[in-house]
> 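My questions all concern the structure below.
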2 protein chains.
Amino acid sequence: MRHASARSARASALAEDYVEIIADLLNTEGEARATDIARRLGVTHATAIKTIGRLKRDGLANGKPYRGVFLTEAGHALARRVRARHQTVVDVLQALGVPPEVAELDAEGIEHHVSGPTLAAFERFLAGSSATGAARIPAAMPPAEE
Amino acid sequence: MRHASARSARASALAEDYVEIIADLLNTEGEARATDIARRLGVTHATAIKTIGRLKRDGLANGKPYRGVFLTEAGHALARRVRARHQTVVDVLQALGVPPEVAELDAEGIEHHVSGPTLAAFERFLAGSSATGAARIPAAMPPAEE
DNA sequence: TGGATAGTGTAGCTTTGGCTACAAATTGAC
DNA sequence: GTCAATTTGTAGCCAAAGCTACACTATCCA
Ligand SMILES: [Mn+2]
Ligand SMILES: [Mn+2]
Ligand SMILES: [Mn+2]
Ligand SMILES: [Mn+2]
């Protein structure tokens, strides 16, 4: 079923974006507040809180009422994978000549449809085209600051 | 709002897939029956019929009850754009080393998040890498059999 | 000319992901 | 310590996209 996999990728896209944002807020701000998550996503806080409830239900997040959101181990693992994949997609788009701002925008949607084999191909491509100036950190490796 | 554009692309993805499939069925079978559309998508016919109703509501499709589905001018125009973009995405993925079957699967989801500038970059990239063996038909040009 | 089969449509249900409006808790400034 | 502002949570609404179950129409063949 050619479209079924795209449909299931679409279904997990929202969860992936949430854990990515939560991990980022935890790293940079020390805490992830519902309001900040909502603002980053461009939705109302009510929507964010409801979706965060689903993340908790699905074992990706936890936290007590009025005390911010945290990630479970599963949530952290997902966030790491999502973050690395996001960067790889951005890098590939830019390597193909897509302007940086556009690459960032499009990657936000494309990333959720990049399967394992495709991601591997992307990384091989980037490694191969590293004739380009700056020293390249392999996108597949866990970033040092993790 | 970085995620808002991805969200709106997601919203139109289903309509794009439907018109693409309908156009394909009209071309190859001469008619587009709800059951065939449903089978291609991997959903039940009830779901397909309901979605086709939305396409009609939105001016992309038409047709009388029990008489198959047709595309409006807007629907045909959308189908043409979607088909060309689909092929470009598949070509780029394969050029990057993604196996053909995987490229086809992933493209089905990725295509809906490829913006105009990114598509243009893809086409420039393909035109540039046409050092590769077989004569390349520019993906941006309307295909001859249209 | 019937039926059987295949296709289409409708009804009713669920989940997701949005929203507004309002209520409750926390935090920060006096 | 109190009170205003911020943040969080809840309730109730909606549309989309899926499903099953059932009813209706068309088609095809004996
Ligand atoms: Mn994303
Ligand atoms: Mn992302
Ligand atoms: Mn598609
Ligand atoms: Mn497609």
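Computed from a predicted model, the values in this text were never measured in an experiment. Reckoned from all heavy atoms, side chains included, excluding hydrogens, waters and symmetry mates.
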> Are a donor atom and an acceptor atom from the side chains of B:D106 and A:T118 found within less than 3.5 Å of each other?
yes
> Let me have a per-nucleotide readout for nucleotides 3-17 of chain C, 5' to 3', with B, S or -, counting only protein heavy atoms under 4.0 Å.
----BBBB-B---SB
> Taking all non-hydrogen atoms of both residues, which atom of B:A38 and which atom of B:H45 are closest, and how far apart?
CB-CA, 3.7 Å
> Indicate the atoms forming the closest heavy-atom contact of B:L25 with B:R40, along with that distance.
CD2-NH2, 3.3 Å
> With no hydrogens and no angle check, just 3.5 Å: does a side-chain donor-acceptor pair link B:H86 and B:E16?
no
> Can you see whether A:S5 engages A:S8 through a side-chain donor-acceptor pair at a distance of less than 3.5 angstrom?
no
> Starting from P on D:dT8, measure out to CD on A:E31 and report it in whole angstrom.
8 Å
